[in-house]
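Have a look at the structure below, then the notes.
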Amino acid sequence: MTAPSTPGLDVHTPAGILWNDAQREKAFAAWLTRVAPAHGLRPDSVRLASADASFRRYFRVDAAGEGPASTRIVMDAPPDKEDSAPFVKVAQLMSQAGVTAPQVLDWDQAQGFLLLNDLGRQTMLDRIDPAQPEAARPMYEAAIDALVHWQLSSAAGVLPAYDEALLRRELALFPDWYVAKHRGIAVEGPLAETLARSFDLIVKNNLASPSVYVHRDFMPRNLMVNPSTGELGVLDFQDAVYGPITYDIASLMRDAFLSWDEEFVIDVTVRYWQKARKAGLPVDEDFGAFYRAVEWMGLQRHLKVAGIFARLTLRDGKPRYLADAPRFIGYIRATAGRYRELAPLLRAIDQIEGIQAASGYAFGRV
């Protein structure tokens, strides 16, 4: 919980923005005052734009001029909690790839303050009506185009590898946070063995996919829509890696905050696959094999995100994320139910969720 702004600080720090560190508040006011003249900023207009699942916050500030170009975004990323260097690096990579992303106009690396251009206020998620998939199709087409451009710019050794160690660390979030801490079930005995064997299969399948640049959260909530042109801008890319080509299309179509019927999911995935093949990206020549790989990659992501949402609630005091956990459990069950080798995982999930009577396991409560 944050404390109220400390009285007596620079007037350029609006009272509506709360700080839990008076020194950081003072540093922010000094930095904003310093960069304001060069960028035509009005420091007294700063207001909260958004916050995300990390320790980053975003402010909006007015600048000289009129219209959408007359505002800028400030990122507040405490350097002891958030490393802004990956954000700056990936923003440049996206620009080089021809993908619209925030431009870094000023960066105080030591203090973690960044000034960015403003991509607008409306996300793709804001504009989607889940009851009208056809109306959303043009936005998904634009997202696919941006994704293909991003992947075409890929090069090994530039971004961290999405390797086996990282895959396993992410999968471990599910038993550690979702099962043990959220559900209160001891991860031991048959349950631990089932999860371990299932995770081995998931990792093996996902490492078989060719590698490209991976955004890692490529979904409508992180895509901004230009109301005039329909062009999409990409946000929240600081965790980008070099890994399975299946990851970002799985993120796009199996969203954390939005679910589509499988017919629409397959149709958009086919369109991505066709464009990727035409562009020369290393997707499987057989769509059925490619779609299977996307499902297995999505399964890894769903398990990870369920764990992350539990951690955000239990450790970070952000309960709104866990409210979407049932969506991910649904994704997990749907994929596990489709493949025979994942049947033990499906039974384990059902027992964890209390969906059916136990048959073969006896899970102890923590």
How many angstroms lie between CG in L116 and CG in L105, if you round to the nearest 0.5 Å?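 Going from CG on L116 over to CG on L105, the span is 6.5 Å.
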How many angstroms lie between NE2 in H149 and CG in L147, if you round to the nearest 0.5 Å?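 It is 10.5 Å, given to the nearest 0.5 Å.
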Should the pair [X]-[Y] be classified as a salt bridge under the 4.0 Å nitrogen-to-oxygen rule?
| X | Y | answer |
| --- | --- | --- |
| D200 | R168 | yes |
| D176 | R169 | no |
| R183 | E353 | yes |
| R271 | D267 | yes |

F28 ring center near W19 ring center (under 6.0 Å):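 Yes - the distance between ring centres of F28 and W19 falls below the 6.0 Å cut-off.
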Return yes if some donor-acceptor pair links the side-chain N/O of [X] with the main-chain N/O of [Y] below 3.5 Å, else return no.
| X | Y | value |
| --- | --- | --- |
| T33 | A29 | yes |
| K89 | V158 | yes |
| T194 | A348 | no |
| R301 | R216 | yes |
| R24 | Q111 | yes |
| R327 | A256 | yes |
| N222 | D217 | yes |
| E82 | F55 | yes |

Do the ring planes of [X] and [Y] sit parallel (below 30°), tilted (30 to 60°) or perpendicular (above 60°)?
| X | Y | answer |
| --- | --- | --- |
| H215 | F218 | perpendicular |
| Y242 | Y213 | perpendicular |
| F237 | F87 | parallel |

Transitively linked via ILVMFWY side-chain contacts under 4.5 Å: [X] with [Y]?
| X | Y | value |
| --- | --- | --- |
| L166 | L201 | yes |
| Y321 | W177 | yes |
| L342 | L303 | yes |

Give me the atom names and distance for the closest heavy-atom approach of L171 to V203.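 Smallest heavy-atom distance, with atoms named: CD1-CG2, 3.7 Å.
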Is atom CD of Q103 surrounded by more than 12 heavy atoms (other residues, nucleotides or ligands) closer than 6.0 Å?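 No, CD of Q103 has 12 or fewer neighbouring heavy atoms, counting only those of other groups under 6.0 Å.
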Counting only heavy atoms not in D261, do more than 12 fall under 6.0 Å of its CG?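 Atom CG in D261 is not packed in, count stays at 12 or less.
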May I ask you to check whether Y331 and S259 show a side-chain donor-acceptor distance below 3.5 Å?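 Present: a donor and an acceptor within the cut-off.
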According to side-chain contact (heavy atoms from CB on, under 4.5 Å), who are the partners of A85, at least two apart in sequence or on a separate chain?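 Expected list: D83, W107.
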I would like to know whether I332 and L299 meet side-chain contact (heavy atoms from CB on, under 4.5 Å); could you show each step before the answer? CA-CA 6 Å; I332 294 165; L299 179 59; 3.8 Å; yes
Name each donor-acceptor pair under 3.5 Å that joins a side chain in residues 289-298 to protein atoms two or more places apart or in another chain, with its distance.
| unit_1 | atom_1 | unit_2 | atom_2 | d |
| --- | --- | --- | --- | --- |
| Y291 | OH | R254 | NH2 | 3.0 |
| R292 | NH1 | N205 | OD1 | 2.8 |
| R292 | NH2 | E341 | OE2 | 3.0 |
| E295 | OE1 | R338 | NE | 3.0 |
| E295 | OE1 | Y339 | OH | 2.5 |
| E295 | OE2 | R338 | NE | 3.0 |
| E295 | OE2 | R338 | NH2 | 3.1 |

One pair to check against side-chain contact (heavy atoms from CB on, under 4.5 Å): F287 and Q274. What are the steps and the verdict? CA-CA 9 Å; F287 177 73; Q274 290 171 334; over 6 Å; no
Report the C-alpha distance between F328 and I308 in whole Å, list the side-chain angles of each, state the deciding distance to 0.1 Å, and finish with yes or no for side-chain contact (heavy atoms from CB on, under 4.5 Å). CA-CA 11 Å; F328 283 88; I308 289 174; over 6 Å; no
